[in-house]
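First the proteins, then the strands, lettered A, B, ... as listed; each starts at 1.
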2 protein chains.
Amino acid sequence: MSKQKRKSDCPINFALEIFGDRWTFLIVRDLMFKNKHYYGEFLGMEEKIATNILADRLILLEENGIVTRTIDEAHNSKKIYRLTKKGIDLLPLLTEAILWSAKYDKSTAADSKFIRKAKKDRVGLYAEISESLK
Amino acid sequence: MSKQKRKSDCPINFALEIFGDRWTFLIVRDLMFKNKHYYGEFLGMEEKIATNILADRLILLEENGIVTRTIDEAHNSKKIYRLTKKGIDLLPLLTEAILWSAKYDKSTAADSKFIRKAKKDRVGLYAEISESLK
DNA sequence: ATTTGCTACTTGTAAAAAACAAGTAGTTAA
DNA sequence: TTAACTACTTGTTTTTTACAAGTAGCAAAT
């Protein structure tokens, strides 16, 4: 999945050209909600991403300005991945996806506390999570 | 892209297993915002979807309860595609995607009137569009 | 000082999906 | 009765994904 010329300037298409695959959003999810920061942590995700796909998607996410990659000062062999502002700004999109899935998937594993808070106090929820990502 | 067992019950993954590709959301976009209802109309989209991909995605969207397919009574050779309630409920998700892309894509083709309305009166916008889809 | 293991990858290959070009079957219109 | 339209299907090539294995840099343990 390398850089190609865009199919259109439609905003939906813009988002799809970054996130229109099975894996990219799962990495963002782990960064956003599961406090994961290392390659090895993403590799451990429930959905079992392959090593090459993970490496590829991390590069793309960095190229698209959604995550940063820095060296862990305590352990030189480790790299820390973090969401940028642009990445954190995906929170409303992720939240709507979660709400939609929770509504229509009978066997959803969505966190009911999250759903309740999202319905009652969206602004507060966003503030809380944004704060946790600083 | 046929039916396979799910990788997880995570709500993000649930959405991705339906929409995690380059094309499915573009069809939903055309149904939601561009008043398209026929195979031939989708085929004419700016992004140039291939005939086999379109046919496949329409089947999947129907299987997932997001669109209905009915025969046009006036023209027996035509089929009408419409969003279901489940499909219309994707509106907040699509809207957040549009807002995010409009914010971060310098050359976005996002409709500025839509963006303004979405920022000022989300509820009103949703009501307006939902009404137009009945 | 050297093996052992951890971390973050890369490489090779098979399988699956997408892209592209062409063809087909059932209307409808001329 | 032919021509055109509509919604597809089929075949082939190209691209992407999945899976298994290997590698390079660092750190701790023997």
Side-chain angles (χ1 to χ4, degrees), chain A residues 1-8 13 16-27 30-31 34-64 67-82, chain B residues 1-8 13 16-28 30-31 35-64 67-82:
Chain A
M1 205 194 280
S2 61
K3 225 160 223 180
Q4 54 203 110
K5 59 180 167 304
R6 356 190 350 184
K7 288 198 287 271
S8 82
N13 185 58
L16 285 173
E17 294 201 356
I18 301 174
F19 300 106
D21 77 290
R22 282 286 167 89
W23 297 106
T24 307
F25 259 131
L26 296 180
I27 299 170
D30 282 5
L31 284 159
K34 303 197 173 182
N35 206 35
K36 293 187 183 176
H37 295 288
Y38 299 103
Y39 182 95
E41 291 181 314
F42 302 123
L43 215 53
M45 69 169 65
E46 193 184 353
E47 293 86 359
K48 299 206 168 118
I49 191 169
T51 56
N52 56 342
I53 305 288
L54 175 56
D56 179 69
R57 294 307 126 85
L58 286 170
I59 289 167
L60 286 172
L61 281 169
E62 198 185 7
E63 282 179 1
N64 283 297
V67 308
T68 56
R69 182 193 315 244
T70 54
I71 301 288
D72 189 333
E73 284 182 32
H75 306 276
N76 264 343
S77 70
K78 289 182 111 180
K79 291 177 187 174
I80 305 176
Y81 294 93
R82 283 185 198 289
Chain B
M1 202 192 286
S2 60
K3 227 161 224 178
Q4 56 204 109
K5 61 179 164 306
R6 353 188 355 179
K7 288 198 287 273
S8 83
N13 186 58
L16 285 174
E17 295 202 354
I18 301 174
F19 300 106
D21 78 290
R22 282 285 165 89
W23 296 107
T24 307
F25 259 132
L26 296 180
I27 299 170
V28 175
D30 282 5
L31 284 160
N35 205 34
K36 293 187 183 175
H37 296 289
Y38 299 103
Y39 183 94
E41 290 182 315
F42 302 123
L43 214 53
M45 68 169 65
E46 194 185 353
E47 293 86 0
K48 299 207 167 114
I49 191 169
T51 55
N52 56 342
I53 306 287
L54 175 56
D56 179 68
R57 293 309 125 84
L58 286 170
I59 289 167
L60 287 171
L61 281 169
E62 197 185 8
E63 282 178 1
N64 282 297
V67 308
T68 57
R69 183 193 313 244
T70 54
I71 301 290
D72 188 333
E73 286 181 30
H75 306 274
N76 263 342
S77 70
K78 289 180 111 179
K79 291 176 187 174
I80 305 177
Y81 293 93
R82 282 183 198 289

Between [N] ([atom2]) and [X] ([atom1]): distance, integer Å:
| X | N | atom1 | atom2 | answer |
| --- | --- | --- | --- | --- |
| A/Lys48 | D/dA20 | NZ | P | 11 Å |
| B/Glu47 | C/dA18 | CD | C1' | 16 Å |
| A/Lys36 | C/dA8 | NZ | P | 13 Å |
| B/Ile49 | C/dA17 | CD1 | P | 16 Å |
| B/Ile71 | D/dC5 | CD1 | P | 20 Å |
| B/Leu16 | D/dT17 | CG | P | 13 Å |
| B/Asp21 | D/dT16 | CG | P | 14 Å |
| B/His75 | C/dA29 | NE2 | C1' | 11 Å |

Give the intermediate values and the outcome of side-chain contact (heavy atoms from CB on, under 4.5 Å) for residues A/Arg69 and A/Tyr39.
-> CA-CA 10 Å; A/Arg69 182 193 315 244; A/Tyr39 182 95; over 6 Å; no

To the nearest 0.5 Å, what is the distance between [atom1] on [X] and [atom2] on [Y]?
| X | Y | atom1 | atom2 | answer |
| --- | --- | --- | --- | --- |
| A/Leu54 | A/Ile27 | CG | CD1 | 5.0 Å |
| B/Lys78 | B/Asp72 | NZ | CG | 6.0 Å |
| B/Arg57 | B/Thr24 | CZ | OG1 | 5.0 Å |

With a 3.5 Å cut-off and sequence neighbours excluded, list the donor-acceptor pairs that the side chains of residues 41-51 of chain A form with protein atoms.
unit_1  : atom_1 : unit_2  : atom_2 : d
A/Glu41 : OE1    : A/His37 : N      : 2.6
A/Glu41 : OE1    : A/Tyr38 : N      : 3.0
A/Glu47 : OE1    : A/Arg29 : NH2    : 2.9
A/Glu47 : OE2    : A/Arg29 : NH1    : 2.8
A/Glu47 : OE2    : B/Ser8  : OG     : 2.6

Which protein N or O atoms sit under 3.5 Å from an N or O of nucleotides 7-15 of chain D?
unit_1 : atom_1 : unit_2  : atom_2 : d
D/dA7  : OP1    : B/Lys79 : N      : 3.4
D/dA7  : OP2    : B/Gly40 : N      : 2.9
D/dC8  : OP1    : B/Arg69 : NH1    : 3.4
D/dC8  : OP1    : B/Lys79 : NZ     : 3.1
D/dC8  : OP2    : B/Arg69 : NH1    : 3.3
D/dC8  : OP2    : B/Tyr81 : OH     : 2.3
D/dT9  : O4     : B/Thr51 : OG1    : 2.8

OP1, OP2 of C/dA17 versus side-chain N and O of B/Arg22: anything below 4.0 Å?
->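 For B/Arg22, the contact criterion (side-chain N or O under 4.0 Å from OP1 or OP2 of C/dA17) is not met.
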
OP1 or OP2 of D/dA18 under 4.0 Å from side-chain N/O of A/Trp23 =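 For D/dA18, OP1 or OP2 has a side-chain N or O of A/Trp23 closer than 4.0 Å.
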
For side-chain contact (heavy atoms from CB on, under 4.5 Å), just list the numbers for A/Ile71 and A/Ile80, CA-CA rounded to whole Å, side-chain angles, deciding distance to a tenth of an Å, and then say yes or no.
-> CA-CA 6 Å; A/Ile71 301 288; A/Ile80 305 176; over 6 Å; no

